Amino acid sequence: MEKYKSIKDAVLKKISANKIEMKPKWVFVLKSIMGIVLVLILALVFLFISSFTLFVFNQNGISSTPSFGFLGLAVLLKTLPWLLLLLVIIFLVSLEALVKRYSFGYRNPLVYSVGLIVLLAVLGSVLISGFEFHERLFERARNSRLPLVGYWYREYGTPSLEHTQVGIIKDINDSELVLTSLNGEDITIKISEETNFPKGRNLRSGDRIMVIGENEDGVVEAQGLLIMGPGKMRGLSASSSQRLK
Amino acid sequence: MAINMDETDEDLVIKIQQGDSESFGVLVERYEVKLKRYAKKFLFDDEDVEDLVQIVFLKAYSNIQSFNVKMKFSPWIYRIAHNEFINKLKKRNSESLYFFDMDTIFPSLSFSETEKDEIDEVELKKNIEQWLDKLDAKYREPIVLYFFEELSYKDISEILKIPISTVGVRINRGKQIIRKFYEDSNLNK
């Protein structure tokens with residue numbers, strides 16, 4: 001750098017010689033707008049992925065598996081949608097990094113801003129779930145009417161947990177029941193004294209249940225049964241199970 | 001345009017934003033000594049200080065339209081200096097720039113700005129300078145800004161972009177480390 005009498009002298013000479021230019025205000029306004037737009041886009045994508053993950057958990061009954069004890073826990077760990085969870089974390093970290101550029105982000109400890117993002121994502125996901133947004137998209141994907149993300153819905157939305165079967169009870173008696181899975185397949189569930197039953201009420205036709213046990217040629221020796229929330233599997237209810245066949 | 005030396009930094013920035021580059025000279029005069037002192041105490045580098053501070057002012061001028069005149073000017077220009085000095089440290093690669101700590105993640109419930117420890121502040125300030133080079137950059141910088149630049153915790157928080165509680169924790173930890181060096185050196189005498 002050239003040597004001047006003082007820093008002031010050097011700076012003012014560079015300014016007057018146009019060696020340094022003042023960036024116009026619109027550059028910063030544009031940058032701010034782009035920053036906000038980026039945060040909004042990232043937040044929407046994050047909300048979409050979070051709510052989709054919640055949908056996958058509900059659809060597959062993943063969150064119910066720990067009720068089956070150690071075996072259920074092992075099934076849970078083996079079948080968690082790790083890629084989706086990784087995406088949720090990547091988007092959470094990216095969003096937090098962007099939010100930290102703004103004063104409300106950096107003025108508070110990380111736990112507050114991350115907590116707020118997670119809270120908004122959970123509330124948003126629950127709200128989206130209430131409108132059955134992903135269930136509708138899943139329906140479209142099953143009918144091959146959903147481009148781009150259709151594969152994801154078909155891949156993650158169909159219950160495919162190892163050692164578990166999810167479906168609607170079509171028929172039931174003392175020793176076995178017939179379960180209609182989402183793809184319309186009828187599975188015979190054998191019930192024995194070792195089968196863990198849900199507490200609260202008896203099973204009946206039309207219940208959406210999860211069964212833990214190995215499927216061997218359409219017959220499952222049930223180790224445990226669990227009633228899942230109603231109406232989560234759009235297009236699969238007692239009345240529609242015949243249609244699926 | 002006439003310059004009244006009583007004008008605030010923010011008043012001068014309004015003039016500069018309107019095209020009065022002479023007013024920038026007044027800001028340079030006001031901050032030159034401060035930024036040089038900050039650079040020397042934080043970087044321990046006498047050779048490049050002039051060039052570094054000049055770059056800080058040139059960047060400040062170039063980006064002056066981004067300054068919001070409703071805010072304070074001093075944290076804004078110190079922030080530019082902080083970025084420049086950190087880049088210098090990175091290039092030098094001679095010390096750890098691991099600025100992550102738990103206080104940035106969790107709130108420090110026990111901390112308050114008025115908190116003092118048993119160290120005599122005046123005595124400590126006299127001795128800080130001799131032990132500054134023993135401190136990690138993440139403790140040294142808030143110590144320099146607080147004790148030598150006499151900035152508030154809030155301003156330091158804006159400059160370093162960390163929570164105020166983290167500023168307090170880092171200054172207290174820095175003071176504890178310096179006290180230890182101070183006590184050890186007294187024992188060895």
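Remember, it's a predicted structure, so these values are computed and weren't measured experimentally. Side chains are part of it too, since the values below use all heavy atoms of this structure and drop only hydrogens, waters and symmetry mates. Throughout, a chain's letter reflects where its sequence line sits, starting with A, and its residues are numbered from 1.
Atom CG of L58(B) is separated from atom CD of E21(A) by 12.5 Å, given to the nearest 0.5 angstrom. The distance from atom CG of L27(B) to atom NZ of K8(A), rounded to the nearest 0.5 Å, is 10.5 Å. Summarising the geometry, atom CD1 belonging to I164(B) is positioned 9.5 Å from atom CG belonging to N108(A); distances are rounded to the nearest 0.5 Å. Between atom CE of residue M22(A) and atom CG of residue N63(B) there is a gap of 10.0 Å, rounded to the nearest 0.5 Å. Taken to the nearest 0.5 Å, the NZ atom of K59(B) stands 9.0 Å off from the NZ atom of K23(A).
Contacts of K36(B) with chain A are made by side-chain atoms alone, with heavy-atom separations under 4.5 Å and no backbone atom involved. Heavy atoms of I15(A) lying under 4.5 Å from chain B belong exclusively to its side chain. For chain B, the nearby parts of Y106(A) are the backbone and the side chain; heavy atoms of each come within less than 4.5 Å. When heavy atoms are compared at a cutoff of 4.5 Å, L160(B) does not approach chain A at all.
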Before you tell me yes or no, could you show the steps for K100(A) and K161(B) under side chain to side chain contact (heavy atoms under 4.5 Å, CB included), namely the whole-Å CA-CA distance, both residues' side-chain angles and the distance that decides it to 0.1 Å? CA-CA 8 Å; K100(A) 277 281 166 206; K161(B) 291 203 187 289; over 6 Å; no

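Screening L12(A), I20(A), I7(A) against F57(B) for a side-chain contact (heavy atoms from CB on, under 4.5 Å) leaves a single residue, I7(A).
Residues S66(B) and F28(A) share a closest heavy-atom pair of CB-CD2, 3.3 Å. Between P109(A) and P163(B) the shortest heavy-atom distance is N-CG, 3.7 Å.
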